Amino acid sequence: MPVARPEPQEPRVIAHVDMDCFYVQVEQRRNPALRGQPTAVVQYNDWKGGGLIAVSYEARKFGVKRSMRGDEAKMVCPSINLVQVPVARDKADLNVYRSAGSELVAILSTKGKCERASIDEVYLDLTDAAKEMLLESPPELLELIFEEATKSNILGLPSDIGNREDSVRAWLCRADADYQDKLLSCGAIIVAQLRVKVLEETEFTCSAGIAHNKMLAKLVSGMHKPAQQTVVPSSAVQDFLVSLPIKKMKQLGGKLGSSLQDDLGVKTVGDLLSFAEEKLQEYYGVNTGTWLWKIARGISGEEVEDRLLPKSHGCGKTFPGPKALRNNASVKSWLDRLCEELSERIQSDLNQNKRIAQTLTLHARASKGNECDSIKKFPSKSCPLRYGTGKIQEDAMKLFESGLHDFLGSQNTKWSITSLSVSASKIFDIPSGTSSILRYIKGPNSTVSPANLDCSLPQDPSLGGINQFSNSSLTVLTCKHASLGNKLYITPNHEEQCEPSSSEKEDRGKNSNLDKQHQVKEEKRMSKKLTDVKGTCSILKFLSQSSPVVNEKRKLDSLTCSHPGPESSSEPNKAEEHKSAQPFDRNKSNPSGSNSASSSTWMFNVEDIDPAVVEELPPEIQREIHGWIRPPKHSSSKTRGSTISSYFQPAKRS
DNA sequence: ACGGATACAACT
DNA sequence: TAGTTGTAT
């Protein structure tokens with residue numbers, strides 16, 4: 001399952017920053033009396049004192065562990081403070097921790113590429129920042145090194161001689177270091193500064209690892225905790241890895257790691273070195289084999305993604321033993337609560353981040369009253385996500401019923417649900433030029449509520465998604481999103497001007513490729529055709545002249561919104577008020593947007609665009625329209641060798 | 001009566 | 001694709 005990535009040959013500086021017992025720190029900030037005390041965060045305390053999900057370092061000294069029960073923790077550490085996770089809608093509510101997590105990201109994303117790896121962890125690619133520092137103020141010339149940096153742990157640095165901080169300082173500044181190490185030194189200093197900043201601005205401490213790739217950075221970020229950082233010079237990698245227990249490696253903490261141990265007798269990463277890449281591939285498949293071979297040598301090409309927000313939202317709850325849900329009504333009532341929370345969360349994601357989730361998925365765990373049967377899994381089900389709490393609840397219940405149907409098959413036995421969860425995924429940024437559409441849909445100062453557009457659940461789930469097409473004159477948004485309707489939004493970028501802008505001319509000049517040039521030229525020609533003079537988009541005419549099929553075209557300005565928003569009831573002239581209060585004005589709603597002037601957006605029903613019409617269009621545009629309707633698939637080359645299942649059954653040697 | 005609630009990636 | 005499985009915290 002893990003896959004090796006091609007690695008850049010240029011040395012990178014990667015950091016992994018990890019909060020120390022994060023939830024505890026959040027609670028300690030809320031209640032400073034807890035600072036320095038043995039403390040743990042528990043969720044639900046009615047059964048055995050609740051389950052621990054974070055433990056302070058003071059409490060760890062007593063042997064308190066994550067995954068212990070509150071009662072057990074009290075046994076080994078009677079003085080422990082147990083703080084409960086907030087509860088909303090009868091379930092754990094992690095929002096305080098989520099927002100604390102975004103505080104960090106906000107600070108940590110200032111020095112380079114930043115990837116939110118979890119609620120309390122980020123990866124940073126500090127290569128550029130480190131290079132810059134090396135040019136402007138190389139540590140070797142610095143008379144004073146940032147103090148926190150001198151507290152770093154440098155892997156492979158002899159720790160028994162003299163003052164530790166002095167030797168770290170010496171390492172960081174040593175003039176005879178190779179280029180890679182110098183970059184790491186700069187990285188260490190930058191990370192130290194960031195960590196201090198985090199502490200100053202959030203009161204949270206964190207630990208970090210600094211290395212040439214993600215794997216190594218992550219591996220050591222937790223090595224010296226709390227509130228410390230560790231650097232991995234490449235010279236230290238081999239020694240560090242040889243003795244490292246295989247299961248400590250990321251991705252090898254589970255079955256794959258066990259298989260390595262039990263089937264191949266690999267106890268440490270060093271033991272892996274004796275296996276040829278081909279051998280590993282025979283056992284675990286091409287991808288995993290190569291990956292294993294590389295990580296044993298400290299090689300990992302995985303890039304730090306530039307992503308500050310989560311890729312999905314989910315919420316769920318377990319119903320252990322006697323709490324299991326045994327009828328539709330109780331499932332519905334829990335599902336409703338879960339969906340309510342999910343709806344709130346995607347709604348605020350939409351409002352704050354202008355992102356839309358496309359897919360709703362339901363997961364459940366179930367068992368049959370008839371326990372003799374093999375433990376069949378409750379299938380997960382998904383469908384296009386429609387915004388609005390009511391819709392989500394409705395759809396989730398349908399998904400559940402469908403799942404239950406599959407689960408039960410023809411049997412008519414009793415069932416019980418031991419866990420339920422709903423999640424929203426396939427989240428897309430709404431292109432900036434489109435924000436005005438949402439602006440229109442929502443009333444002034446109200447929350448966005450595309451849910452109020454009346455649409456039924458589309459039957460074909462493959463038609464889900466939002467795509468943007470943009471050339472110099474048009475921005476097109478296809479929205480096959482159920483809640484927004486299957487729509488095509490077309491916004492001329494600049495209506496007056498059909499001549500290429502100066503920057504575009506420049507681009508064209510640089511373009512040596514004849515094909516490209518032709519393409520651009522063609523595009524300009526079409527721009528003229530598609531964009532007309534008096535503020536009307538002639539693609540409308542164009543399409544409607546070609547075929548009468550396009551019947552749902554309306555200029556958004558004059559669109560009367562029959563359901564303006566959740567706050568306004570269905571008084572008929574509310575829509576008019578709304579309209580005049582909030583005219584569709586791109587400049588107002590999107591001042592920093594790339595689009596100029598007084599563009600207006602036109603809306604089509606995607607399904608109303610007849611394929612025959614599309615065929616009449618010039619090939620360039622045709623291709624693009626096909627792209628709108630169904631985005632071009634990035635062909636994923638299937639490279640599957642022997643199968644993963646080989647590690648469930650020890651591979652047979654030939 | 002499973003550590004619970006989330007999240008992510010790769011595979012089929 | 002949708003659904004499954006594994007992994008991590």
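The figures here come from the full heavy-atom set of this structure, side chains too, leaving out hydrogens, waters and symmetry mates. Worth saying up front: this structure is predicted, and the values here are computed from it rather than measured. In what follows, chains carry the letters A, B, and so on, assigned in the order in which the sequence lines appear, proteins first and then strands, with residues in each chain numbered from 1.
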Rounded distance (Å) that lies between atom [atom2] of [N] and atom [atom1] of [X]:
X	N	atom1	atom2	answer
A:K377	C:dT5	NZ	C1'	8 Å
A:D18	C:dT9	CG	C1'	9 Å
A:I417	B:dC2	CD1	P	19 Å
A:L420	B:dC2	CG	C1'	16 Å
A:Y123	B:dC8	OH	P	13 Å
A:F22	C:dA8	CZ	C1'	17 Å
A:H16	C:dT9	NE2	C1'	10 Å
A:E115	B:dA9	CD	C1'	12 Å

*Give, ordered by number, those residues of residues 213-220 of chain A having at least one heavy-atom distance below 4.0 Å to an atom of DNA chain B; if nothing qualifies, reply none.*
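Output list: empty, so none.
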_Within residues 246-253 of chain A, which residues have any heavy atom lying less than 4.0 Å from an atom of DNA chain B?_
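Heavy-atom contacts with DNA chain B come from no residue of residues 246-253 of chain A; none.
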*Counting only side-chain N and O atoms of A:S382, is one of them less than 4.0 Å from OP1 or OP2 of C:dT1?*
no
_Can you tell me if A:S380 touches the phosphate of C:dT4, counting only side-chain N or O atoms and a distance under 4.0 Å to OP1 or OP2?_
yes
*Please list all pairs passing the salt bridge (Lys or Arg N to Asp or Glu O under 4.0 Å) test where one or both residues lie in residues 17-27 of chain A, with sequence neighbours left out.*
A:D18-A:K225, A:D20-A:K225, A:E27-A:R30
*Do any pairs count as a salt bridge (Lys or Arg N to Asp or Glu O under 4.0 Å) and have a residue in residues 50-77 of chain A, sequence neighbours left out, and if so which ones?*
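Sorted pair list comes back empty.
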*With P as the reference atom in both, quote the distance from C:dT9 to B:dC2 in angstrom, rounded to an integer.*
24 Å
*asked:* Say we look at C:dT7 and B:dG4: how far apart would their C1' atoms be, to the nearest angstrom?
replied: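 It comes out at 16 Å once rounded to the nearest Å.
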*For A:F275, what residues pass the ring pair (Phe, Tyr, Trp, His ring centres under 6.0 Å) criterion, not counting sequence neighbours?*
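Checked A:F275 against ring pair (Phe, Tyr, Trp, His ring centres under 6.0 Å); zero matches.
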*Does NZ or CZ of A:K368 come closer than 6.0 Å to the centre of the six-membered ring of A:F407, within 45° of the ring's axis?*
yes
*Do A:K279 and A:Y284 meet the cation-pi criteria used here (NZ or CZ under 6.0 Å from the six-membered ring centre, within 45° of the axis)?*
no
Side-chain donor-acceptor distances from residues 80-95 of chain A under 3.5 Å, at least two apart:
from	atom 1	to	atom 2	distance (Å)
A:N81	ND2	A:P38	O	3.1
A:Q84	OE1	A:N45	ND2	3.0
A:R89	NE	A:E340	OE2	2.9
A:R89	NH2	A:E344	OE1	3.1
A:R89	NH2	A:E344	OE2	2.4
A:D90	OD2	A:R337	NH1	2.4
A:K91	NZ	A:E341	OE1	2.6
A:D93	OD1	A:N95	N	3.0
A:D93	OD1	A:N95	ND2	3.1
A:N95	OD1	A:R98	NH1	2.9

*NA contact type, A:P2, heavy-atom cut-off 4.0 Å: base, sugar-phosphate, or nothing?*
nothing
side-chain contact (heavy atoms from CB on, under 4.5 Å) against [X], all qualifying residues, sequence neighbours excluded:
X	answer
A:P245	A:K248
A:Q251	A:P2, A:W291
A:T230	A:N153, A:L155, A:V220, A:M223, A:H224
A:E203	A:R29, A:R35

*Please, which pairs that meet ring-ring contact (aromatic ring centres under 6.0 Å, His included) have at least one residue in residues 306-328 of chain A, sequence neighbours excluded?*
A:F319-A:W334
Would you tabulate the nitrogen or oxygen pairs shorter than 3.5 Å linking the protein to nucleotides 4-7 of chain B?
from	atom 1	to	atom 2	distance (Å)
B:dG4	O4'	A:Q43	NE2	3.0
B:dG4	N3	A:Q43	NE2	3.4
B:dA5	OP1	A:Y44	OH	2.9
B:dA5	OP2	A:T318	N	2.8
B:dA5	OP2	A:T318	OG1	3.2
B:dT6	OP1	A:R98	NH2	3.0
B:dT6	OP2	A:K91	NZ	2.8
B:dT6	OP2	A:G316	N	3.1
B:dT6	OP2	A:G316	O	3.4
B:dT6	O5'	A:G314	O	3.2
B:dA7	OP1	A:R98	NE	3.4
B:dA7	OP1	A:R345	NH2	3.1
B:dA7	OP2	A:G314	N	2.6
B:dA7	OP2	A:G314	O	3.4
B:dA7	OP2	A:R345	NH2	3.4

*Taking for each residue the nucleotide of DNA chain B bearing the nearest heavy atom, is the 5' side occupied by A:R66 or by A:E305?*
A:R66
*Tell me which of A:V3 and A:S67 sits closer to the 5' end of DNA chain B, going by the nucleotide each one is nearest to.*
A:S67
*Are the side chain of A:S207 and the backbone of A:A227 linked by a donor-acceptor contact shorter than 3.5 Å?*
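Present.
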